[in-house]
There are 2 protein chains.
Amino acid sequence: MSMANTAQFDARGRSRGEDVRLKLIEAAIEIFGRHGFEGASTRALSQRAGVNQQAIPYYFGGKSGLYLAVADHIAERLKALIGPVGARIGLRVAADHTPKAGKTLEAAEARALLIELLETMAGVLVNEEAASWARFIVREQMEPTEAFERIYEKIMARLIEAARGLIAAIVREDPSSEAVRLRAVALIGQILVFRVAHAAVMRQLGWQKIGPRELDAIHTVIRRAVGAITPANALMSAP
Amino acid sequence: MSMANTAQFDARGRSRGEDVRLKLIEAAIEIFGRHGFEGASTRALSQRAGVNQQAIPYYFGGKSGLYLAVADHIAERLKALIGPVGARIGLRVAADHTPKAGKTLEAAEARALLIELLETMAGVLVNEEAASWARFIVREQMEPTEAFERIYEKIMARLIEAARGLIAAIVREDPSSEAVRLRAVALIGQILVFRVAHAAVMRQLGWQKIGPRELDAIHTVIRRAVGAITPANALMSAP
DNA sequence: GTCTATAGTCGGATAGAC
DNA sequence: GTCTATCCGACTATAGAC
């Protein structure tokens with residue numbers, strides 16, 4: 001046993017360094033989300049993570065490196081949670097673009113998939129973990145940096161695109177048209193508002209947290225919103 | 001002229017002190033909105049306002065006092081811009097609660113009023129001034145402080161209440177029911193998303209800013225969303 | 001590979017001149 | 001009433017011990 005310390009591993013098979021990295025990232029999501037980049041001190045970050053303050057420059061090259069690592073981590077987690085559904089829908093929509101016998105995406109199927117997509121997104125939002133992600137992301141929306149770029153490219157853009165494909169199939173319009181894009185944004189807005197206008201929504205609805213019961217309520221909103229998507233002329237023909 | 005300097009007035013009849021106060025508040029909306037409370041330095045605040053750094057402790061008792069003053073200022077401006085419409089609608093809804101001959105609020109009128117209310121809100125959001133208000137408010141939603149309290153009580157709660165009254169009149173339900181509250185939140189979410197998921201929306205729609213043309217697009221969304229509000233059983237009876 | 005100590009910078013607020 | 005000068009605390013990152 002004369003060898004110098006090489007990487008040590010914990011019970012879950014993570015090397016010591018990986019463990020410290022992860023602890024820091026998790027603490028950082030919370031603190032950056034609540035206080036912003038400048039408002040988060042490396043002292044607070046390392047203390048909450050329970051690691052040495054110097055682990056930040058060591059592992060991430062500095063506070064900014066940690067910030068970007070947080071963005072990548074969030075994008076990664078979101079992709080893991082929503083990505084599979086999004087990808088599956090993406091494929092289904094793509095198949096519709098090169099229509100072969102029996103492959104056409106009918107409105108009913110598109111509606112079902114859209115509900116599935118939105119409910120998956122809502123399910124993620126409900127997660128308490130998502131509350132801290134949301135704080136981080138919303139800050140980036142206000143004053144986007146490189147971190148926003150990464151999250152947007154890695155997951156957001158794909159999800160919105162999938163939603164657009166489905167909406168296009170329902171209303172029979174071009175998925176790249178502004179009309180479809182607007183519908184997609186409005187649809188997602190109805191879900192996002194629960195996280196983003198968090199304080200106001202909680203008060204309005206008398207909610208303490210967003211849990212299973214509250215998720216049900218959001219599902220109602222989703223189903224109604226998807227049900228309300230109809231081709232423009234169909235709307236006009238209503239009484 | 002042996003008297004000591006008393007208050008001096010500028011061309012617009014504002015005393016010097018008032019002028020400095022206002023300059024600081026305007027600079028602070030921008031900087032607090034972008035960088036958060038901790039991220040904003042009193043040096044940056046005073047420099048942008050073009051006033052001395054010591055004006056902050058002098059006029060506002062400190063950085064936190066300036067922060068709260070910003071909240072009050074925003075609430076005040078919002079109230080001035082949206083309040084009249086909200087109040088008028090509030091009265092109309094209240095009249096419906098004590099129905100007398102010819103006073104009943106019919107669905108058609110409620111829809112028209114709801115569109116008016118939402119379009120007014122959207123109009124405020126379009127305003128470039130609102131971009132900075134939005135940044136400030138959204139931060140407060142994530143991590144509410146006393147500042148959120150003030151804005152919520154002074155204007156937000158009233159607007160949501162007005163919207164609820166109108167929705168209730170359309171769907172013929174209790175304005176305090178969760179169903180109506182949910183509809184109100186979802187409805188407002190469709191507008192808010194344009195400011196709140198700002199970076200993502202701009203990219204999705206290829207917009208550079210939210211101007212008159214973009215406002216028209218949002219109006220389309222509003223009219224469609226209000227049109228989609230129907231009593232639950234009416235929805236069921238659709239083909 | 002991880003820690004303690006510290007250097008250098010920038011933060012907000014107070015004191016006192018004008 | 002408004003400015004300049006300055007204090008002291010808190011910040012991040014580096015250097016070097018273990």
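Reminder, nothing fancy here: chain letters follow the sequence lines and each chain counts from 1.
- In this structure the side chain of B:Y58 never reaches within 4.5 angstrom of the side chain of B:N52, judged on heavy atoms.
- Contacts between residues 42-52 of chain B and DNA chain D, counted as heavy-atom distances below 4.0 Å, involve B:N52.
- Salt-bridge annotation for B:E26 and B:R48: absent, with no side-chain N of the basic residue lying under 4.0 Å from a carboxylate O of the acidic one.
- Of the listed nucleotides (C:dG11, D:dT12, C:dT14), C:dG11 has the atom at the smallest distance from the side chain of B:S41.
- Taking a cutoff of 4.0 Å between a charged side-chain nitrogen and a carboxylate oxygen, B:R77 and B:E129 qualify as a salt bridge.
- Across all non-hydrogen atoms, the minimal contact from A:F148 to B:R203 is CE2-NE, 3.8 Å.
- Looking only at atom types and distance, the side chain of B:H35 has a donor-acceptor partner in the side chain of A:E38 under 3.5 Å away.
- Nearest heavy-atom pair, B:A55 versus B:V51, reported as atom, atom and distance to 0.1 Å: CB-CG2, 4.2 Å.
- In this structure, the CD atom of A:Q53 is 14 Å from the C1' atom of C:dA7, given to the nearest Å.
- Shown here for B:V193 and B:V201, the closest heavy-atom pair between the two residues is O-CG2, 3.6 Å.
- In the interface, the side chain of A:Q54 is paired with the base of D:dT14 through a donor and an acceptor atom under 3.5 Å apart.
- For the pair A:I56 CD1 and C:dC3 P, the computed distance is 12 Å after rounding to whole Å.
- Direction change of the helix axis from one end of the helix from C:dG1-D:dC18 to C:dC18-D:dG1 to the other is 0°, with five pairs defining each end axis (rounded to 10°).
- Separating the CZ atom of A:F37 from the P atom of C:dG11 is a distance of 14 Å, rounded to the nearest angstrom.
- Classification of the A:F136-A:F32 ring pair by plane angle, with boundaries at 30° and 60°, yields perpendicular.
- Ion pair B:E146/B:R150 flagged as a salt bridge, since at least one NZ, NE, NH1 or NH2 atom sits closer than 4.0 Å to an Asp/Glu carboxylate oxygen.
- Sorted by residue number, the members of residues 58-69 of chain B with any non-hydrogen atom under 4.0 Å from DNA chain D read B:Y58, B:Y59.
- Salt bridge status for B:E30 with B:R34: present, with a side-chain N to carboxylate O gap under 4.0 Å.
- Ion pairing of A:E128 with A:K209 is absent here, as no side-chain N (NZ or NE/NH1/NH2) approaches a carboxylate O to less than 4.0 Å.
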